[in-house]
Amino acid sequence: MKKAGGKTALKRSKEEDEEQNQIFNFNRKPADEDKDDDLSDSEDSVYSGLEDSGSDSEEEEGSDDDEEEGSDDNDDKMKEKKEGEVSEEKKKHEYEHDSSDEEDIRNTVGNIPMEWYKDFPHIGYNLDGKKIYKPIRNKDELDDFLDKMENPEYWRTVHDKQTGSDVVLSDDQVELVNRLQRGQFGDVNFNECEPMVEFFSSDVMIHPVTNRPADKRSFIPSLTEKEKVSKLVHAIKMGWIKPRRVEDDGRGRYYNLWASEDSSILARHKMHLPAPKIPLPGHHESYNPPPEYLFTDEERALWEQQDPADRKLPFVPRKYSSLRQVPAFSQFIHERFERCLDLYLCPRQRKMRVNVNPEDLIPQLPKPKDLQPFPTTRSLVYRGHSGLVRSISVSPSGQWLASGSDDGSVRFWEVCSSRCMKTVQVGGAVKSVAWNPNPSVCLLAVALDSVVLILSPSLADKQVILSSERLLSAQQEGEEPAEGNGSVVWSEAEGEELNQGLRLKIQHPKAVHQVVWHAKGDYLASVMPDNTSHLQVYIHQLSRRRSQNPFSRNKGLVQCISFHPIRPYFFVATQRSIRIYNLVKQEMTKKLQTNSKWISSMAVHPGGDHVICGSYDCKLSWFDLDLSTKPYKMLRHHKKAVRGVAYHRLYPLFASASDDGSVIVCHGTVYNDLLQNPLIVPVKVLRGHVMTHDLGVLDVTFHPTQPWVFSSGADATICLFT
Amino acid sequence: MSQIQARFFTEDKRYVVDDVPFSIPAASEVQDLSNVINKLLEAKNASHSKVDFDFLVRGQFLRTSLSTHMATEGISTEEVVEIEYVERITAPEPEECMMHDDWISSVDADAEWILTGSYDKTARIWSTEGKPAMTVAGHTDVVKDVAWVKREGLTSLLLTASLDQTVLLWEWNSERNKVKARHCCRGHAGSVDTISVDPTGTKVRLERARQKLKRQQRTPLMTLSGHSEAVSSVLWCDSEEVCSASWDHTIRIWDVDTGGMKTTLTGSKVFNCISYSPLCRRLASGSTDRHIRLWDPRTKDGSLVLLSLTSHTGWVTAVKWAPSHAHQLVSGSLDNLVKLWDTRSCKAPLYDLAAHEDKVFCVDWTESGLMLSGGADNKLYTYRYSAQQAEA
């Protein structure tokens with residue numbers, strides 16, 4: 001450091017003298033340098049040929065230090081002196097080009113706020129400890145202003161606080177300042193946009209980046225490595241190093257913690273019963289629900305009327321404009337309590353969930369196409385009636401069709417041509433017609449008002465007509481008609497009525513709604529629905545002209561009745577159930593619960609083991625008498641009340657007629673095997689009737705031999721579907 | 001493919017053209033082909049007047065464009081196509097309309113006279129010009145079927161069958177216009193729906209009612225029993241065979257000599273009517289399922305339907321083969337239409353005769369080319385069918 005200090009001291013002293021004519025100094029410098037160089041060269045050659053000139057000056061400076069110790073001779077001193085000057089010159093030169101931020105040392109006060117010297121005439125001290133006086137500063141604002149206006153160098157004049165002098169920047173310095181302000185490099189020659197040489201690019205070059213040949217050591221085995229390996233080998237041989245022990249898994253780091261536990265406890269752990277879930281809140285629960293969720297007055301009144309248990313919602317949805325206006329939920333405690341109850345009472349039984357393919361649950365029903373024949377299209381329309389056709393019946397041969405209408409007439413039609421062969425005016429709305437099922441007689445029972453008429457339409461073989469006449473007149477020669485109840489009167493038709501085919505009148509005490517024949521054709525039964533009396537059903541024997549009331553007690557409003565086709569059973573359908581009576585034992589054998597509100601019609605399968613029953617609440621129930629007293633199947637295909645049902649005598653078909661104007665034909669196979677349930681497939685919806693007074697199809701019946709179905713409608717027509 | 005090689009030929013001597021293949025556009029239709037033939041004929045014979053032709057490709061009438069037809073029939077377009085042409089069958093022209101008092105149930109016509117049975121319990125005789133000649137009243141119920149038996153000079157024998165279970169044999173003298181009931185045939189335990197007369201006219205006919213066929217000559221000669229349901233139609237195939245169709249879905253062929261059943265043809269639907277053509281030896285049946293089916297009565301197993309003609313939309317109540325043409329038949333249906341069919345054009349009928357306003361119950365076709373149809377609108381229509389004579 002001494003050396004440096006000396007050097008600066010020299011420099012300072014020099015500066016002091018030459019401060020005023022620095023430029024001159026500069027100008028003179030090259031000459032000095034030349035001289036110096038020459039000298040040093042010569043000196044160098046004296047001391048050492050290897051040392052360069054830089055070292056040379058150092059060396060000399062070092063000797064300069066020695067000077068203080070007072071060594072060497074005068075020559076040397078003289079020389080030193082001279083050389084000191086030279087080196088000072090040299091230093092100056094160096095500083096001129098020094099770009100470092102070294103502080104200005106002309107003033108020795110250091111980096112202090114210059115305000116501290118505000119009140120002094122000097123602004124610091126030079127290296128010699130002499131005061132540096134402030135330049136005579138009498139510049140006031142006005143001078144400054146004038147200077148600004150007049151001095152063209154004003155803009156490039158800066159005030160040096162350290163020295164208190166104004167410095168005018170040279171062009172180079174101004175340029176440098178501008179460049180730095182622009183954020184450019186200070187060096188004008190530096191090109192920051194030199195083209196980049198991509199040494200390391202994705203392109204594979206054929207030549208290496210450096211062409212340096214590989215070292216020799218790359219080819220020869222390393223001696224140090226060999227030494228290390230031989231050491232390890234030796235250590236292994238001597239048994240100093242042992243191979244790493246293999247982890248012994250046999251001992252088992254993991255083991256079943258519960259292996260020794262009781263399995264029943266484990267089972268309980270495994271059986272997780274999730275708590276019953278609370279339904280997620282919906283729009284009702286919202287503090288600002290959409291208006292459709294808010295209660296109308298009616299809904300609110302209904303809600304208030306209802307028992308809390310019956311309410312659909314436990315609260316009234318309310319609307320608030322903002323969430324902070326929502327009051328506390330008044331039923332919170334109650335609701336929590338209910339929830340706790342739910343949790344407490346939730347079924348503690350594990351639900352066995354079975355994965356069932358939904359496809360498998362659908363029974364394998366055959367396609368309707370494979371179940372032919374069944375009626376598909378409307379083939380014939382029988383027109384002629386002028387009122388609702390309430391009831392139709394087909395002769396056992398299938399050649400004739402009888403129909404009874406509200407216009408007070410019974411018509412007989414030829415089935416194959418839709419020709420009306422005969423019209424009988426009976427003078428009242430016909431409720432029911434029934435053709436005698438016995439093929440050896442040709443009789444038709446007609447129910448109207450409170451009378452049941454027996455007609456002989458004489459649409460058969462002469463023999464048959466004769467035999468039916470004989471059946472009717474047999475009683476006449478015999479004893480007088482037994483007055484069973486006194487309320488039923490049998491009388492003969494007379495005069496004009498006889499010509500029309502009327503044979504017998506059975507006068508009932510009340511309006512008759514239905515009349516049915518027994519399969520043998522001798523008995524017929526009639527229904528007089530009346531809730532208040534036990535006189536609702538009469539069974540008449542034609543050959544003996546006897547009537548009897550089989551039931552002594554009233555079991556409800558009788559809707560329809562039917563005889564069993566084979567056995568001595570009698571079916572009575574009341575509003576909600578069907579009772580089956582054994583006529584021989586005179587007792588009830590079975591009671592079928594239909595689960596419907598109001599039975600409208602009933603039909604018994606020709607095999608006798610199955611019953612279908614239609615009801616006004618659109619349902620059709622199929623009962624398997626051997627199976628249960630509950631419906632085996634409920635069919636809800638109709639949109640409106642079912643008015644009539646029918647079985648086919650030969651084909652596995654049944655049909656139902658409804659107020660929606662359609663007849664639905666179903667395929668119902670009944671198996672002899674008791675284990676196999678009947679197969680019921682709806683096959684066809686038949687439409688053909690026009691809706692009249694909200695009434696559609698009123699009665700339906702099958703052709704006895706062909707897969708054809710007849711339907712009678714409120715539009716006064718009868719349709720044949722084939 | 002725009003051109004097809006075709007060779008035209010015909011059976012008709014009047015319209016023969018040279019037997020050379022022509023290249024004709026594939027898209028050409030019947031009218032185009034007809035024009036081609038007419039041009040050729042004009043080139044041969046200057047006095048030729050334009051005739052409409054119909055064309056048969058492999059026995060099937062051309063109804064669409066030639067290319068479509070060949071594509072559907074699977075005929076190769078590489079070879080020369082043989083196209084037969086015939087004079088186009090002109091539409092039957094309605095001639096007369098005979099009003100009845102009631103529905104017409106049956107009709108039978110020969111060259112001079114028409115016999116109709118009606119629901120007013122009478123049978124009527126009309127001349128072919130539509131003049132009423134006679135009303136035959138005697139039945140107590142609807143007349144279901146009528147038939148001419150034979151004619152000797154001015155005296156004719158005719159039969160009427162009725163719902164009153166009787167068949168009446170009448171003798172009618174056309175000159176004196178007197179009718180006399182010769183016999184009343186009883187024996188049916190049910191209505192008599194159909195009768196048929198032996199082609200020779202000597203023996204008799206029979207019909208049925210319920211499940212039984214009776215063959216009668218004044219008194220029943222034979223009862224043919226076997227049908228389980230109503231017999232809807234009977235006819236004589238030839239002098240030894242009787243054929244009956246029934247609602248029990250079968251057609252049975254009986255041997256008259258022994259009274260035994262020879263063949264049973266089983267269908268799936270009720271048969272309403274049958275007709276036999278001795279020319280092509282086919283039975284045509286009309287069913288309730290709206291189809292007309294053709295059967296070969298000679299097959300032993302007998303349930304083979306040769307062809308189904310489908311176009312009617314109601315029950316087919318009557319079919320009748322053309323007496324002089326092997327391919328044509330006429331059918332009547334409950335859909336009010338009478339249709340003329342050609343078995344070579346099975347997809348669609350040749351003509352629809354839509355004269356009736358109600359159900360058609362009966363059709364007939366005489367040898368003189370007169371077609372008749374009667375139905376529930378009380379009208380009997382006659383149609384003159386001229387093309388047939390041209391071919392004959």
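This one's a predicted model, so the numbers in the text were calculated from it and none came from an experiment. Residue numbering restarts at 1 for every chain, and letters A, B, ... go by the order of the sequence lines.
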- Query: Is there a donor in the side chain of B/T310 and an acceptor in the side chain of B/H291, or the other way round, less than 3.5 Å apart?
  - Reply: yes
- Message: Looking at A/S403 and A/I392, would you say the former's side chain and the latter's main chain have a donor-acceptor pair under 3.5 Å?
- Response: no
- Assess the side chains of A/S395 and A/S397: does a donor N or O sit below 3.5 Å from an acceptor N or O? yes
- Query: For chain B, which residues of residues 708-722 of chain A have at least one non-hydrogen atom nearer than 4.5 Å to it?
  - Reply: A/W708, A/L720, A/T722
- Query: Okay, side chain of A/D660, backbone of A/S662: is any donor-acceptor separation there less than 3.5 Å?
  - Reply: yes
- Query: How would you list, by chain and number, every residue that makes a ring-ring contact (aromatic ring centres under 6.0 Å, His included) with A/F374, sequence neighbours excluded?
  - Reply: none
- Item | Any residue of residues 410-419 of chain A which, by heavy atoms, sits under 4.5 Å from chain B | A/E414, A/C416, A/S417, A/S418, A/R419
- Message: Using a 4.5 angstrom heavy-atom cutoff, name the option from B/D141, B/T317, B/D335, B/V270 with the most pairs to chain A.
- Response: B/V270
- So, A/H648 versus A/Q706: side-chain donor-acceptor pair below 3.5 Å or not? no
- For B/D101, all residues meeting salt bridge (charged side-chain N to carboxylate O under 4.0 Å, His left out), sequence neighbours excluded: B/R124
- Which of these, B/N378, B/T116, B/D377, B/T122, sits in a side-chain hydrogen bond (donor to acceptor under 3.5 Å, both in side chains) with B/H100? B/T116
- Message: Between B/D102 and chain A, with a heavy-atom cut-off of 4.5 Å, which part of the residue counts as in contact: side chain, backbone, both or neither?
- Response: side chain
- Item | Near-ring test B/F361/B/W315, centroid separation under 6.0 angstrom | no
- B/Y381 and B/H356 aromatic centres sub-6.0 Å: yes
